[in-house]
Chemist: 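The structure's right below; bear with me while I get my questions together.
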Amino acid sequence: MTYHPKSDFMSVMIERGYLADCTDYQGLDEALSKGVVPAYIGYDATAASLHVGHLLNVMMLRWLQKTGHKPITLMGGGTTKVGDPSFRSDERPLLGPDQIASNIAGMKQVFARYLSYGEGPTDALMLDNAEWLDGLNYLEFLRDIGRHFSVNRMLSFESVKSRIDREQSLSFLEFNYMILQAYDFLELNRRYGCVLQMGGSDQWGNIVNGIDLTRRVLDHEIYGLTSPLLTTSDGRKMGKSAGGAVWLNEEMLSPYEFWQFWRNTTDADVGRFLKLYTELPVDECERLGALSGSEINEGKIVLADEVTALLHGREAAEAAKATAREVFEKGGVGDDLPTLTLSEQEIGDGISIVQLIVRSGLAGSGKEAKRLIADNGARIDDQPLTDAGMMIDRAALAAPIKLSAGKKRHALVRLG
């Protein structure tokens, strides 16, 4: 990109690799240079925790605040009842109000680690779109807002078109989602002076709709900015691991497992991820990312330390690193390893090793556990595990057992 920004925020977005597209680079940059810009990202409450896939946009809000602007985290208490169809092949399962409220409570824990909330001009705001969506009168909404939307144009958006082209049903409920998200931007602008919506590049159509609607109804100039949809250098979607989603809430994924996820980053991704997920200076990110051979491991450890420290605190990051050192370098058993605690009743006359591998989270099914053993990928107390029929009894659990899947994933099994 040839554009040279004046504002600190746009400089960070471009230099560190956060920027995919913007509706008006110069106009937004001017606004950011003149004073405090309130900006929002919306999060639908579809799970009890945010995951690593959300972290890029959370970091954008953090940089927004660090460069003197006002972040708004908009919880989708209203839109979650509809479900965003963007680039999905099927309809999301609909959640009830209690589940949505519980999920929002879980997600709020993470935002508090990255943003400073309060009453000041650059303090973050936590809002819920149920505040204005729940009380909408359908006929008034159709007349005042619906008339600004062209169905022809809505059908042309890639997120909708891809569903229709594949002849996968798109319900009228889901089709309404983009109108509701556009209305969010209008209401945030009207109520809180919000002039910027950010999101992943899959949200471009929804963001543009909000800008058009706000211009038509209020005649206000507002902006949209998107981040790239990240994949790892080996083509996997960012935030997915062999064990499923990499959750940000501690009770859903331990700090050690979170640290380990980043430690296992592919060599080619280290420099890029340091720029996006840490606050280290760009030249230091580039230096660490350019290391080769076994030296790149230094970059991976710094990445794991810094990302874990931002989310769970420096102490948790140091503890995770110490556990990893104990497990990998000394072949010992670290206190922070994921642990499966069994009662004597559960063990009975014995429990199969395959069941233990599944229950400790090292494999998703018995079939996967057996394949791991057959492929020589499983170890028990650092020794190769070759017998898929092995039974573990109480005597074998007199001391904790360490199970391993490959070189990097470990768990403890102990008697409670």
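Fair warning: this is a prediction, and the values are worked out from it, not measured in the lab.
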Chemist: Output all residues satisfying side chain to side chain donor-acceptor pair (under 3.5 Å) with Asn176, sequence neighbours left out; order by chain, then residue number.
Modeler: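 Testing Asn176 for side chain to side chain donor-acceptor pair (under 3.5 Å), a comparison that skips the adjacent residues, returns none.
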Chemist: Are side-chain N/O atoms of Asp29 and Ser7 paired as donor and acceptor at under 3.5 Å?
Modeler: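 Distance-only check passes for Asp29 and Ser7.
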Chemist: Within the supplied structure, the quantity of interest is the number of heavy atoms (other residues, nucleotides, ligands) at a distance under 6.0 Å from Glu315 CD; does it exceed 12?
Modeler: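 Counting other residues, nucleotides and ligands, CD of Glu315 stays at 12 neighbours or fewer.
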Chemist: Among all residues two or more places apart in sequence or in another chain, which pass the side chain to side chain donor-acceptor pair (under 3.5 Å) test with Asp267?
Modeler: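 With neighbours one apart ignored, the set is Lys300.
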Chemist: Does one side chain, of Gln203 or Asn206, offer a donor that lies under 3.5 Å from an acceptor on the other?
Modeler: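 Checked: Gln203/Asn206 side chains pair up, N/O donor to acceptor below 3.5 Å.
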Chemist: With sequence neighbours excluded, tell me which residues meet side-chain contact (heavy atoms from CB on, under 4.5 Å) with Leu229.
Modeler: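 side-chain contact (heavy atoms from CB on, under 4.5 Å) check on Leu229 returns Ser201, Asp202.
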Chemist: How would you list, by chain and number, every residue that makes a side chain to side chain donor-acceptor pair (under 3.5 Å) with Ser156, sequence neighbours excluded?
Modeler: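 For Ser156, no residue satisfies side chain to side chain donor-acceptor pair (under 3.5 Å) once neighbours in sequence are set aside.
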Chemist: Would Thr232 and Asp269 count as having a side-chain donor-acceptor pair, cut-off 3.5 Å?
Modeler: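 Not at all, the side chains of Thr232 and Asp269 share no donor-acceptor pair under 3.5 Å.
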Chemist: Can you sort out the partners of Ser343 under side-chain contact (heavy atoms from CB on, under 4.5 Å), two or more places apart, ordered by chain and number?
Modeler: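 With sequence neighbours excluded, Ser343 shows a side-chain contact (heavy atoms from CB on, under 4.5 Å) to Gln345, Glu346, given in chain and number order.
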Chemist: Please determine if Asp305 and Lys321 form a salt bridge, counting it only when a charged side-chain N lies under 4.0 Å from a carboxylate O.
Modeler: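 Salt bridge: yes.
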Chemist: Please list all pairs meeting ring-ring contact (aromatic ring centres under 6.0 Å, His included) that have one or both residues in residues 195-228, counting only residues at least two apart or in different chains.
Modeler: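 Every candidate ring-ring contact (aromatic ring centres under 6.0 Å, His included) pair involving residues 195-228 fails, so no pair, neighbours aside, qualifies.
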Chemist: Once side chain to side chain donor-acceptor pair (under 3.5 Å) is applied, do any residues pair with Asp134, and if so which ones, sequence neighbours excluded?
Modeler: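 Scan of Asp134 (side chain to side chain donor-acceptor pair (under 3.5 Å), adjacent residues dropped) gives Lys81.
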Chemist: Is there a donor in the side chain of Asp44 and an acceptor in the side chain of Thr79, or the other way round, less than 3.5 Å apart?
Modeler: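 Per modelled atom types, Asp44 and Thr79 side chains form a pair under 3.5 Å.
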Chemist: Can you sort out the partners of Glu30 under salt bridge (charged side-chain N to carboxylate O under 4.0 Å, His left out), two or more places apart, ordered by chain and number?
Modeler: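 Applying salt bridge (charged side-chain N to carboxylate O under 4.0 Å, His left out) to Glu30 gives Lys6.
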Chemist: Is it true that Glu257 and Arg409 have a side-chain N and a carboxylate O under 4.0 angstrom from each other?
Modeler: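 Salt bridge absent between Glu257 and Arg409.
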Chemist: Under the ring pair (Phe, Tyr, Trp, His ring centres under 6.0 Å) test, which residues partner His312, sequence neighbours left out?
Modeler: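 Testing His312 for ring pair (Phe, Tyr, Trp, His ring centres under 6.0 Å), a comparison that skips the adjacent residues, returns Phe258.
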Chemist: Not counting sequence neighbours, list each pair that qualifies as a ring-ring contact (aromatic ring centres under 6.0 Å, His included) and has a residue in residues 103-123.
Modeler: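 Non-adjacent pairs meeting ring-ring contact (aromatic ring centres under 6.0 Å, His included): Tyr43-Phe111.
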Chemist: Could you list the donor-acceptor pairs under 3.5 angstrom formed between side-chain atoms of residues 277-288 and any protein atom two or more places apart in sequence or on another chain?
Modeler:
unit_1	atom_1	unit_2	atom_2	d
Thr278	OG1	Leu274	O	2.6
Thr278	OG1	Leu280	N	3.2
Glu279	OE1	Arg62	NH2	3.4
Glu279	OE2	Arg62	NE	2.4
Glu279	OE2	Arg62	NH2	3.4
Glu284	OE1	Arg287	NE	3.0
Glu284	OE2	Arg287	NH2	3.1
Glu286	OE2	Lys275	NZ	3.2

Chemist: Has the side chain of Gln181 got a donor or acceptor atom that lies under 3.5 Å from a matching backbone atom of Tyr177?
Modeler: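 Not at all, since once roles are kept as given, no pair shorter than 3.5 Å links the two residues.
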Chemist: What pairs of donor and acceptor atoms, side-chain ones from residues 369-380 against any protein atom, are under 3.5 angstrom apart with sequence neighbours left out?
Modeler:
unit_1	atom_1	unit_2	atom_2	d
Arg379	NE	Asp382	O	3.3
Arg379	NH2	Asp382	O	2.5

Chemist: Quick check: are there more than 12 heavy atoms from other residues, nucleotides or ligands sitting under 6.0 Å from CD of Gln26?
Modeler: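 Incorrect, the count does not exceed 12.
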Chemist: If we count only N and O atoms by modelled type, under 3.5 Å, do the side chains of Trp132 and Tyr183 hold a donor and an acceptor together?
Modeler: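 Checked: Trp132/Tyr183 side chains show no N/O donor-acceptor pair below 3.5 Å.
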